[in-house]
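Computed over heavy atoms, backbone and side chain alike; hydrogens, waters and symmetry mates excluded.
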Amino acid sequence: MYKMDESQMQDICRVCRSEATPEKPLYHPCICTGSIKFIHQECLLQWLKYSRKEYCELCNHRFSFMPIYAPDMPKRLPIKDIFSGLLRSLGTAVRFWLHYTLVAVAWLGIVPLTACRIYRCLFTGSLSSILSLPLDILSTENVFSDSLYGCIVVTCTLCAFISLVWLREQILHGGGPDWLEQEQLLGLDGSLVFLEHVFWVVSLNTLFIVVFAFCPYHIGQFAFTFFGLKEYTGAPEFEGLLTTLFGYINIGIGLALLHGAAALIRLHKTRRLLGICYVVIKVSLLSVIEIGIFPLVCGWWLDICSLTLLDASLHDREAGFRLAPGTSLFVHWLAGMVYVFYFASFILLLREVLRPGVLWFLKNLNDPDFNPIQEMIHSPILRHIRRVLVSLVTFGTTILLVVWLPIRIIEKVAPGFLPYHVMLSSEMPYSELSLELVLLQVVLPALLEQGHMRQWLKFFVRIWCIGVSYILDLRSYLLGDVNVNEQQQPEDAAQAPPEDANEGVLAGGALAAAHQALFQPVSPSGYQPYKKPRFLPFKIMCLIFFICISLTIGSLVMITVPVFVGRRLMSIWLGEGTKIHELYTLGCGLYVCWVGLRLCTLLWSWIPRGWATISAKIKEWITISFKMICAMSVLLGLIPILMGLLLDLILTVPARVALNQTPIISIWQDWAIGVLLTKTFCAIVLVGPNWWMKRVIEQVYLGGIRNINLHSIFMDLALPVIVVLGLALSLPYILACSILPMFTSSFELQNLVLRRIYPALLAIFLSVGAIVFQIRQFFRLYEHIKNDKYLVGKRLVNYEHRRLATAAPPPRTEETPES
């Protein structure tokens, strides 16, 4: 029993503020001192249960508890207890394995297989396929491919179901559905309730296929036949998709007509039901148009306007589409989505520079009141169609200005500059490298994260606005940094547009929007008045002209300057006449231009401070550059080469090179692969458990460029990694080429050992690691069996007692410390 000393009678618990009692003594389990030093064990356990922590929230010291075992506990557990505990653990593991196997078979086998074969049966269109559906579901032919195809069908069905539930909540202005918060849905909690969920998913999936795929498809097919449009359905690969979309359009028209008829004969409940169905069809079609068709059209138009840039033709694109139509559509859609995303990002940047109210005709994506789904629900369909058409004209015109027109100018001014070199000879070693991944994973992220690109772009936009404002006298209109006379404001200051004017999109409607903005009496929040200049409509037309010219010039610079700089540098490095993939020259040129621009901006900010500051800053950045070169030569040079070479010797050489062939090791290729491996390894370490390498990488990352600690990088991070990789590379080679020849002179045996020693040693290390893991698991099982049978309680350990225990081990008792 723990004895309470006299000094504790004057101390109190920091949780319940009570003194020590013989039944509830006070402990001091952490480094905290003073009035918060002591605590009752019961109070600490309640606080740990509430806070879900195992350490003090003030001093971050981890609490320790000493287990208290029964007096009859033996020194070693009997074999009988160990064997019974092992059998119980094995039985539990087998039970969980069987349960999770059943879960996997149900969700990854039965559900998608049933969905695929029901879908195929319904769209076959024959009575025999419907009658043979039970046998088709139980068939074992093409199980794997049908399961994969069924996973796509189930995913589309569940996404449609969730979208409908969410749309219902949008209509009712409610929150998310409660069933989304249930952990038991898949059956991973160990219960068999998921079998009921499997049945409902199969039933709902069948119902969705019939209602949302089968019926619209046949309605669209009937409509195509009725209107005589069957031969104009387009490519046979997408005949089903086009027919289904046309069926949905006809369903929407029919629902709108029925809704009007129900309103005339005053069937209110029927009218509401038909209205909700119409809203569902309307929102679905608008979502497909704005998220699917609109980016796809933009991607196609981008490709068409850039054919000369990539030395391609429409015949090449048509051949690629017929070869892989799905891939072609996805690539063009992805290109269009990227274009729309960056266009929207540029509009958000303009809002930060221009006067509030200049871009009133554009929807503000950062506005908390902006809800596109609510707009789809409430706005008329003709308004959405008009907005999509205006957006297509605006985006298409912008593509002409930034892609097609600069390419035509380059062809006239510098005929030999285009096209870009994107195809290489297979004889060059660089063609085997995936350096596109290196560029996308290393070069461009560094430019975007460390290059202050957004601040520079905002600076250029503001300088452009100031210059144009000086020419057209539009500074108050564009920037709003000119004070407006309060007496002249009712006469000369333009007012904001009404809410209906917010229907316009993008810069194509700027002129009409500006005319509407001049005579509106209402000024919404966030709108800043401006001083109205003379001939404002004419000046806005000139402003649009300057915008078009500036976009063309800016695109012309971005297309030519980085590539030209990269080509010159590559020609100096590799020699004249060497054709390099334009992606590499673009990355090299972007880095050089970024460094030059960064140096210019730094010098511009240092010049007002005097030569002493400039010289000090130059010395500082020379030191930082030297440290960066030293650090990068190891982190992005030596370590990736070692990792790539080790991967080459473990996987590539044994798998691809025969024993009678000599492997060719490409250091350049190993470095390229090693860079990706290094970045992947760092990402895994950062999201993994807390250990020394994670702490060192986080310290290096948080230190940034200015606070590079070479000692920490070299000694704490690079040295252990290089030692491990060096030993992994050198020890097998020494064993195969230095020690083995002492025992045999057979060249074939030496070559065989040299080729297979790296994967063999890796297998040995993995096996040893697995054995060590199993041994640790056994000791954990041993402790679990002992605690389950003989543990009677735990007692909190004081901080001084724990420190003394580490200095001198206590005598053998029935109580052993446990952290």
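Within the model, atoms CG of L392 and SG of C298 stand 6.5 Å from one another, a figure rounded to the nearest 0.5 Å. Here OG of S345 is found 11.0 Å from CG of L350. Values are rounded to the nearest 0.5 Å. In this structure, CD1 on I618 lies 5.0 Å from CH2 on W611, to the nearest 0.5 angstrom. One distance of note links CD1 of I641 with CG of L729; it measures 11.5 Å at 0.5 Å rounding. Atom CD1 of I639 and atom CZ of F681 lie 9.5 Å apart (nearest 0.5 Å). Here the straight-line distance linking atom CD1 of I697 with atom CG of L686 works out to 5.5 Å at 0.5 Å rounding.
Checked by atom type, the side-chain pair S476/R355 shows no donor-acceptor distance below 3.5 Å.
Residues satisfying the ring pair (Phe, Tyr, Trp, His ring centres under 6.0 Å) criterion with Y758, sequence neighbours excluded, are absent altogether.
For residues 554-569, every residue pair satisfying the side-chain hydrogen bond (donor to acceptor under 3.5 Å, both in side chains) rule, not counting sequence neighbours, is listed here: R567-E582. Sorted by first and then second residue, the side-chain hydrogen bond (donor to acceptor under 3.5 Å, both in side chains) pairs with a member in residues 286-306 read E290-R387, D303-R317, D303-H332; sequence neighbours excluded.
Counting heavy atoms from C-beta on, the side chains of L457 and F346 come closer than 4.5 Å. Using a 4.5 Å cut-off on side-chain heavy atoms (C-beta onward), L389 and V393 make no contact. A 4.5 Å side-chain heavy-atom check between I559 and L309 finds at least one atom pair inside the cut-off. With contacts defined as side-chain heavy-atom distances shorter than 4.5 Å, the pair P720/W692 qualifies. Counting heavy atoms from C-beta outward, F294 and V297 have side chains that stay 4.5 Å or more apart. With contacts defined as side-chain heavy-atom distances shorter than 4.5 Å, the pair I722/L642 qualifies. Counting heavy atoms from C-beta on, the side chains of V721 and M693 come closer than 4.5 Å. Residues L307 and D316 have side chains not in contact (no heavy-atom distance under 4.5 Å, counting atoms from C-beta outward).
Ring-plane geometry between F343 and F395 is classed as tilted, the angle between the planes lying from 30 to 60 degrees on a 0 to 90 degree scale.
Listed here is the closest heavy atom pair of M337 and I291: SD-O, 4.1 Å. Nearest approach of L586 to P562, heavy atoms of both residues: CD1-CB, 3.9 Å. Of all non-hydrogen atoms in L710 and C630, the two that sit nearest each other are CD2-CB, 4.4 Å.
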Please assess W671 against L645 for the test side-chain contact (heavy atoms from CB on, under 4.5 Å), listing each intermediate value before the final yes or no.
CA-CA 8 Å; W671 173 81; L645 181 59; over 6 Å; no
Where do F714 and L719 land on the side-chain contact (heavy atoms from CB on, under 4.5 Å) test, with the steps shown first?
CA-CA 6 Å; F714 288 156; L719 183 60; over 6 Å; no
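Other residues, nucleotides and ligands place more than 12 heavy atoms under 6.0 Å from the CZ atom of F417. Surrounding CD1 of I572 are more than 12 heavy atoms belonging to other residues, nucleotides or ligands, all under 6.0 Å away.
A donor-acceptor contact shorter than 3.5 Å links the side chain of T552 to the backbone of L401. The closest donor-acceptor contact from the side chain of W606 to the backbone of A616 lies at 3.5 Å or more, if one exists at all. A distance-only check finds a donor-acceptor pair linking the side chain of S615 to the backbone of A612 [under 3.5 Å]. K539 places a side-chain N or O within donor-acceptor distance of the main-chain N or O of L472, the cut-off being under 3.5 Å. A donor-acceptor pair is defined here as one N or O able to donate and one able to accept, closer than 3.5 Å; no such pair exists between the side chain of D716 and the backbone of I713.
Salt bridge R695/E698: absent, no basic N to carboxylate O contact under 4.0 Å.
Ring centers of F459 and W456: at least 6.0 Å apart, outside the cut-off.
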